[in-house]
S.K.: 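First the structure, which I've put down as structure tokens, then a few questions once you've had a look.
What you see is a predicted model, and the numbers here were worked out from it, not measured in a lab. Scope of the values below: all heavy atoms of this structure, side chains included, with no hydrogens, waters or symmetry mates.
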Amino acid sequence: MSNDGTIHARRIRKSFGPKTVLHDIDLDIASGEICCIIGPSGSGKSTVLRCINGLETVDSGVLKVNGDDFGYYETDNAYHALPPKKLAEQRTKVGMVFQQFNLFPNMTARENVMAGPVLVKRADKKQATKRADELLASVGLGNFGDYYPAQLSGGQQQRVAIARSLAMDPEIILFDEPTSALDPEKVGEVLAVMQDLAKKGMTMVVVTHEMGFAREVADSLIFMDDGYVVERGDAREVLANPQEPRTQAFLKQVL
């Protein structure tokens with residue numbers, strides 16, 4: 001069986017200066033699994049995503065993404081950082097959708113979606129254009145290819161960001177609070193696109209405050225606090241019947 005779309009982390013540690021933000025984090029995410037990570041601000045949720053995506057380097061521990069050691073290769077006696085080109089290649093297989101959309105303001109929706117394949121993968125422009133239009137249609141924005149980000153609502157911009165991520169044909173997509181910058185009435189349109197991706201079997205790790213989405217769509221749920229994984233399990237199970245006092249207190253506030 002292919003390891004594509006899998007994430008395995010063992011005892012991941014990460015510090016920024018004197019502050020340890022991740023304490024011995026273990027993760028096992030299977031291909032096609034949807035895992036939601038919840039917890040208070042500053043609990044280390046986004047840092048976990050940034051390590052999986054290679055935006056941050058772990059200080060210690062083992063991280064395998066899509067079946068490969070991520071960012072490193074191992075010899076008998078040491079870990080060595082991968083050459084930048086090899087790391088860039090690994091990162092193309094892990095899409096990331098941010099809270100703040102991060103679209104290029106001077107490019108149309110279509111150009112934003114095409115940028116990765118054309119610039120990074122040297123894709124043929126004509127084919128990249130066709131694919132960008134298909135992806136925009138798939139997120140409900142078939143007629144918006146010529147619009148610039150400033151002409152789109154927050155929900156539309158976030159859907160362009162998802163299409164842009166899909167354009168690289170990733171095995172995994174990470175979502176970092178993808179709805180928290182949106183007006184409440186725009187949240188549903190982004191969650192609907194994510195639900196559609198889930199049905200298609202995309203491996204997804206979602207840092208979110210949307211408990212309804214976690215309950216409906218997620219397979220597994222992780223509750224983090226202060227850099228630790230406090231509780232993990234089946235999403236509906238944990239939300240309905242949390243075992244740890246800290247999880248119980250947090251869910252009481254948000255549910």
S.K.: Tell me if the CZ atom of Phe144 is crowded by more than 12 foreign heavy atoms within 6.0 Å.
M.R.: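 Check passes, neighbour count above 12.
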S.K.: Output every pair passing side chain to side chain donor-acceptor pair (under 3.5 Å) with a member in residues 157-167, not counting sequence neighbours, ordered by first then second residue.
M.R.: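 For residues 157-167, and leaving out neighbouring residues, the side chain to side chain donor-acceptor pair (under 3.5 Å) pairs sorted by first residue read Arg159-Glu189.
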S.K.: According to a hydrophobic-cluster definition based on side-chain heavy atoms being under 4.5 Å apart (Ile, Leu, Val, Met, Phe, Trp, Tyr only), do Leu136 and Met114 belong together?
M.R.: no
S.K.: Distance from Ile172 atom CD1 to Ile29 atom CD1, nearest 0.5 Å?
M.R.: 8.0 Å
S.K.: The criterion is ring-ring contact (aromatic ring centres under 6.0 Å, His included); which residues satisfy it with His209, sequence neighbours excluded?
M.R.: none
S.K.: Can you check side-chain contact (heavy atoms from CB on, under 4.5 Å) on Ile38 and Ile222, steps first, answer last?
M.R.: CA-CA 6 Å; Ile38 64 169; Ile222 290 172; over 6 Å; no
S.K.: Nearest 0.5 angstrom please: Leu152 CG to Leu141 CG, how far?
M.R.: 7.0 Å
S.K.: Applying side-chain contact (heavy atoms from CB on, under 4.5 Å), name anything that partners Gln195, two or more places apart in sequence or on another chain.
M.R.: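 Testing Gln195 for side-chain contact (heavy atoms from CB on, under 4.5 Å), a comparison that skips the adjacent residues, returns Phe213, Glu216, Val217.
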S.K.: Going from OG1 on Thr75 to NE2 on His80, what distance comes out if it is rounded to the nearest 0.5 angstrom?
M.R.: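 Spacing of OG1 (Thr75) from NE2 (His80) equals 3.0 Å.
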S.K.: Between Val206 and Met194, is there a side-chain heavy-atom distance shorter than 4.5 Å?
M.R.: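 The answer is yes, as the side chains (C-beta and beyond) meet within the 4.5 Å cut-off.
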S.K.: For Asp183, enumerate each residue passing the side-chain contact (heavy atoms from CB on, under 4.5 Å) test, keeping only those at least two apart in sequence or located in another chain.
M.R.: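 Expected list: Glu185, Lys186.
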S.K.: With sequence neighbours left out, which residue pairs that include part of residues 123-144 fulfil the salt bridge (Lys or Arg N to Asp or Glu O under 4.0 Å) condition?
M.R.: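 Only Arg110-Asp133, Lys130-Glu134, Arg131-Asp169 qualify under salt bridge (Lys or Arg N to Asp or Glu O under 4.0 Å).
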S.K.: Is a donor from one side chain sitting under 3.5 angstrom from an acceptor on the other, for Thr208 and Glu177?
M.R.: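 Absent: no donor and acceptor within the cut-off.
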S.K.: To the nearest 0.5 Å, what is the distance between CG (Leu191) and CG (Asp196)?
M.R.: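 The CG atom of Leu191 sits 12.5 Å away from the CG atom of Asp196.
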S.K.: Taking the side chain as everything from C-beta on, heavy atoms only, tell me whether Leu166 gets closer than 4.5 Å to Leu197.
M.R.: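 Counting from C-beta outward, Leu166 and Leu197 do come under 4.5 Å.
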S.K.: Between Asn112 and Met107, is there a donor-acceptor pair closer than 3.5 Å when you use the side chain of the first and the backbone of the second?
M.R.: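 Checked: pair present.
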S.K.: Output all residues satisfying ring-ring contact (aromatic ring centres under 6.0 Å, His included) with Phe101, sequence neighbours left out; order by chain, then residue number.
M.R.: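 Phe101 satisfies ring-ring contact (aromatic ring centres under 6.0 Å, His included) with no residue once adjacent residues are dropped.
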S.K.: Check the surroundings of atom OH in Tyr72: do more than 12 heavy atoms from other residues, nucleotides or ligands lie under 6.0 Å from it?
M.R.: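 More than 12 within 6.0 Å, yes.
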S.K.: Sort and list the pairs that fulfil salt bridge (Lys or Arg N to Asp or Glu O under 4.0 Å) and have at least one residue in residues 78-89, not counting sequence neighbours.
M.R.: Lys86-Glu89
S.K.: Could you check Thr203 against Ile173 for side-chain contact (heavy atoms from CB on, under 4.5 Å), going step by step and ending with a plain yes or no?
M.R.: CA-CA 6 Å; Thr203 306; Ile173 299 191; over 6 Å; no
S.K.: Would you check if there is a donor-acceptor pair between the side chains of Gln99 and Ser180 at a distance under 3.5 Å?
M.R.: yes
S.K.: Hydrophobic clustering (ILVMFWY, side-chain heavy atoms < 4.5 Å, transitive) - are Val205 and Ile34 grouped together?
M.R.: no
S.K.: What distance separates Ser31 OG from Glu171 CD, expressed to the nearest 0.5 Å?
M.R.: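 Separation between the atoms: 7.5 Å.
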S.K.: Could you state the interatomic distance from CD (Gln156) to CG (Leu103), rounded to the nearest 0.5 Å?
M.R.: 11.5 Å
S.K.: Report yes or no: do Val238 and Met204 belong to one cluster of Ile/Leu/Val/Met/Phe/Trp/Tyr joined by side chain heavy-atom distances under 4.5 Å?
M.R.: no
S.K.: I'd like a table of donor-acceptor pairs (distance under 3.5 Å, sequence neighbours excluded) in which one partner is a side-chain atom from residues 46-56, with atom names and distances.
M.R.:
from	atom 1	to	atom 2	distance (Å)
Ser46	OG	Asp176	OD1	2.9
Ser46	OG	Asp176	OD2	3.0
Arg50	NE	Glu56	OE2	3.4
Asn53	OD1	Arg91	NH2	3.1
Asn53	ND2	Val94	O	3.2

S.K.: Could you walk me through whether Lys93 and Asp68 satisfy the salt bridge (charged side-chain N to carboxylate O under 4.0 Å, His left out) test, starting with their C-alpha distance in whole Å, then the side-chain angles of each, then the deciding distance to 0.1 Å, before giving a yes or no?
M.R.: CA-CA 11 Å; Lys93 295 180 183 171; Asp68 295 324; 5.2 Å; no
S.K.: Identify, with sequence neighbours excluded, every residue that meets ring-ring contact (aromatic ring centres under 6.0 Å, His included) alongside Phe223.
M.R.: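 Per chain and number, Phe223 pairs via ring-ring contact (aromatic ring centres under 6.0 Å, His included) with Phe250.
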S.K.: Listed by chain and number, what are the salt bridge (Lys or Arg N to Asp or Glu O under 4.0 Å) partners of Asp219, not counting sequence neighbours?
M.R.: none
S.K.: What pairs of residues pass the salt bridge (Lys or Arg N to Asp or Glu O under 4.0 Å) test when at least one of them lies in residues 228-254, not counting sequence neighbours?
M.R.: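 Sorted pair list: Asp225-Arg246.
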S.K.: Residues two or more places apart in sequence or in another chain: which of them pass ring-ring contact (aromatic ring centres under 6.0 Å, His included) with Phe98?
M.R.: none
S.K.: Could you check whether any side-chain heavy atom of Val254 comes within less than 4.5 Å of a side-chain heavy atom of Met211, counting everything from C-beta outward?
M.R.: yes
